[in-house]
Novice: 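Structure provided below as structure tokens; questions to follow.
Below, chains carry the letters A, B, ... as their sequence lines are ordered, and counting in each starts from 1.
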Amino acid sequence: MPELPEVQTVVDDLNRRVKGRKILRVWSDTPKQIRDYSAPGRRLTDLHRDESSKNFRNFQKDIKNKKILRAKRIGKNILIDLSGGKTLLIHQKMTGHLLLGEWAIKKGRPVAIKPKEMVKDPYNGFIHLILYLDNGKQLALSDLRKFAKAILADTKKIHDLPDIKNLGPDALDPSLTLKKFANLIKKSGPTIKQALLKPELVAGIGNIYSDDILYQSFVHPLQNPKKLTPEEISKMYKAMRQVLKKAVRLRGTSTSDFRDTAGKEGRYTNHRLVYGREGEPCQRCQTPIKRIKVGGRSASFCPKCQAPKRTYNGKKKKKRN
DNA sequence: AGTTGTGTTGAAGA
DNA sequence: ATCTTCAACACAAC
């Protein structure tokens, strides 16, 4: 599940490995994941998937022979600036990741040739988009659930796309001060877990790192954000930076399908604090880690370390029949 | 073998 | 307006 650290890992890889390359052509078996907003007459506010063959033909035409200038990250979005004033935005959503290697199309399906990580690892085998580069290699999107999207747009209009425009400040943006963070948290609800997962509040945090940030700051996931003390908010702010930076250093988490562009797993998997550790002893007090549902998402936490000092919302949990 | 859990995010429903 | 549920899709685990 690519969150900020996983997306940053990919962006760093792209700047190191494909910057300066030219895109020769495109292959895809799921054109509905692709949109070309740089084509004439296309409105940026049109959010629907476009299954028309014209949309994909425009994309193929508009990306052909463009040079990759640089890669950037905003929240969980990968922005690849191209020559000709175009930018390719890729959002990996839940199961998407970018790979650099070589594939051959056999009977309409891509077959990995190298490196061995692509050939051996089944999670690298769901190829739905291939960009052919001018050095004989390919940049490919593997995406088991086909939720990821690739959008081509004019570089100047990238910040007008709803994907970017509706985002809150990036979680690692240096200009996101403690004061600004505190103001955002105070405006949000209903629980702190749900608040951390809102891209329009703070961009880049998903289920893995929200769990670890709350554990690191001794805050219960059901806490009402409006009732957090300044000390708790300060702890959360520091934990957010610490946890995310550490995960970037370790090249992300691969509890599920995430891989870097070489097809390799991230090492934060072994450094997780609580995410996906239900039943395992807390690393601080040995209490078994608990998992509950918060707003339809799972939240893992230590019931002792993160025990609320006050009531959450004064409400009891609803039972579902 | 059918059901459930998985996670991102926008749309639809309450 | 604010919150919850669902839908996009595919697979593993039960």
Novice: Taking the P atom of each, how far is B:dT4 from C:dC6, in whole Å?
Specialist: 12 Å
Novice: Does a side-chain N or O from A:Lys149 land closer than 4.0 Å to OP1 or OP2 of B:dG10, or not?
Specialist: no
Novice: If you group Ile, Leu, Val, Met, Phe, Trp and Tyr whenever their side-chain heavy atoms sit less than 4.5 Å apart, what else falls in with A:Tyr123?
Specialist: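 Under the 4.5 Å side-chain rule, A:Tyr123 groups with A:Phe126, A:Leu144.
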Novice: Enumerate the protein-to-nucleotides 11-14 of chain C contacts in which both atoms are nitrogen or oxygen and the separation is below 3.5 Å.
Specialist:
none

Novice: Nearest whole angstrom, please: distance from the P of C:dA7 to the NZ of A:Lys146.
Specialist: 18 Å
Novice: Could you check how far CG of A:Leu196 sits from P of B:dT9, rounded to whole Å?
Specialist: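 Taking CG of A:Leu196 and P of B:dT9, I get 14 Å after rounding.
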Novice: Does anything in residues 90-98 of chain A come within less than 4.0 Å of DNA chain B? Heavy atoms only, and list the residues if so.
Specialist: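 Those residues are A:His91, A:Lys93, A:Met94.
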Novice: What interatomic distance, in whole Å, is found between P of C:dA12 and the corresponding atom of B:dT9?
Specialist: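 Approximately 24 Å lies between the P atom of B:dT9 and that of C:dA12.
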Novice: Please list all pairs passing the ring pair (Phe, Tyr, Trp, His ring centres under 6.0 Å) test where one or both residues lie in residues 267-289 of chain A, with sequence neighbours left out.
Specialist: A:Tyr209-A:Tyr268
Novice: In this structure, how many angstroms lie between the C1' atom of B:dT8 and the CG atom of A:Asp163, rounded?
Specialist: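 Checked: the CG to C1' distance equals 12 Å.
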Novice: Could you verify whether a donor N or O on one side chain and an acceptor N or O on the other, from A:Thr9 and A:Glu6, lie under 3.5 Å apart?
Specialist: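 No, A:Glu6 and A:Thr9 have no side-chain donor paired with an acceptor closer than 3.5 Å.
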Novice: Mind checking who shares a hydrophobic cluster with A:Leu69, ILVMFWY linked at side-chain heavy-atom distances under 4.5 Å?
Specialist: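 Once heavy-atom contacts under 4.5 Å are chained together, A:Leu69 still belongs with nothing else.
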Novice: Suppose you measure atom P in C:dC9 against the same atom in B:dA12; what distance do you get, rounded to whole Å?
Specialist: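 Going atom to atom, P in each nucleotide, I get 16 Å.
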Novice: What pairs with A:Arg17 under side-chain hydrogen bond (donor to acceptor under 3.5 Å, both in side chains), at least two apart in sequence or on another chain?
Specialist: A:Thr261
Novice: In whole angstroms, how far is the P atom of C:dT4 from the NZ atom of A:Lys293?
Specialist: 14 Å
Novice: Within this structure, what is the CD-to-C1' distance between A:Gln194 and B:dT8, rounded to whole angstrom?
Specialist: 15 Å
Novice: Please check if any side-chain donor atom of A:Asn77 sits under 3.5 Å from a side-chain acceptor atom of A:Lys149, or the reverse.
Specialist: no
Novice: Within 45° of the ring axis of A:Phe258 and under 6.0 Å from its six-membered ring centre, is that where the NZ or CZ of A:Arg251 lies?
Specialist: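 No, A:Arg251 does not lie over the aromatic ring of A:Phe258.
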Novice: Ignoring backbone atoms, test whether A:Arg297 places a side-chain nitrogen or oxygen under 4.0 Å from the OP1 or OP2 oxygen of B:dG5.
Specialist: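 No.
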Novice: Of all residues at least two apart in sequence or in a different chain, which pass the side-chain contact (heavy atoms from CB on, under 4.5 Å) check with A:Arg73?
Specialist: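 Result, side-chain contact (heavy atoms from CB on, under 4.5 Å) vs A:Arg73: A:Leu4, A:Val7, A:Gln8, A:Val11, A:Asp170, A:Leu172.
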Novice: Using a 3.5 Å limit for the pairing distances, which stems of at least 3 consecutive Watson-Crick or G-U wobble pairs does DNA chain C take part in?
Specialist: B:2-6 with C:10-14, B:8-14 with C:2-8
Novice: For A:Asn77 and B:dT8, what is the distance between atoms CG and P respectively, to the nearest whole Å?
Specialist: 13 Å
Novice: Kindly confirm whether the side-chain ring of A:Phe147 is stacked on the base of C:dA8, judged by centres under 5.5 Å and planes under 30°.
Specialist: yes
Novice: Choose from C:dC9, C:dT4, B:dT8 the nucleotide whose nearest atom is closest to any side-chain atom of A:Pro190.
Specialist: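 Given the options C:dC9, C:dT4, B:dT8, the side chain of A:Pro190 is closest to C:dT4.
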Novice: Using atom OH of A:Tyr275 as one end and atom C1' of B:dG7 as the other, report the distance to the nearest whole Å.
Specialist: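 Answer to the nearest Å: 8 Å.
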Novice: Going by the rule side-chain hydrogen bond (donor to acceptor under 3.5 Å, both in side chains), which residues pair with A:Lys72 if we only count those two or more places apart in sequence or in a different chain?
Specialist: A:Asp81
Novice: Specify the glycosidic conformation (syn or anti) of B:dG10, with syn defined as within 90° of 0.
Specialist: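 You should classify B:dG10 as anti.
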Novice: Over all strands shown, is A:Ser298 touching base, sugar-phosphate only, or nothing at heavy-atom distances under 4.0 angstrom?
Specialist: sugar-phosphate
Novice: A:Leu161 has an atom CG; how far is it from atom C1' of B:dT9, in whole Å?
Specialist: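 Value for this atom pair: 15 Å.
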Novice: Does A:Arg57 have any side-chain hydrogen bond (donor to acceptor under 3.5 Å, both in side chains) partners at least two apart in sequence or in another chain, and if so, which?
Specialist: A:Ser53
Novice: Looking at A:Tyr215, does the NZ or CZ of A:Arg284 lie under 6.0 angstrom from its six-membered ring centre and within 45 degrees of the ring axis?
Specialist: yes
Novice: Determine the interatomic distance between P on B:dT8 and the same-named atom on C:dA1; round to the nearest Å.
Specialist: 27 Å
Novice: Which pairs pass side-chain hydrogen bond (donor to acceptor under 3.5 Å, both in side chains) with one or both residues in residues 90-103 of chain A, sequence neighbours excluded?
Specialist: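 Every side-chain hydrogen bond (donor to acceptor under 3.5 Å, both in side chains) pair that includes a residue of residues 90-103 of chain A, provided the two are not neighbours, is A:Thr95-A:Asp143, A:His97-A:Asn124.
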Novice: List for me each residue that meets side-chain hydrogen bond (donor to acceptor under 3.5 Å, both in side chains) alongside A:Asp173, sequence neighbours excluded, and say none if there are none.
Specialist: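 With neighbours one apart ignored, the set is A:Ser175.
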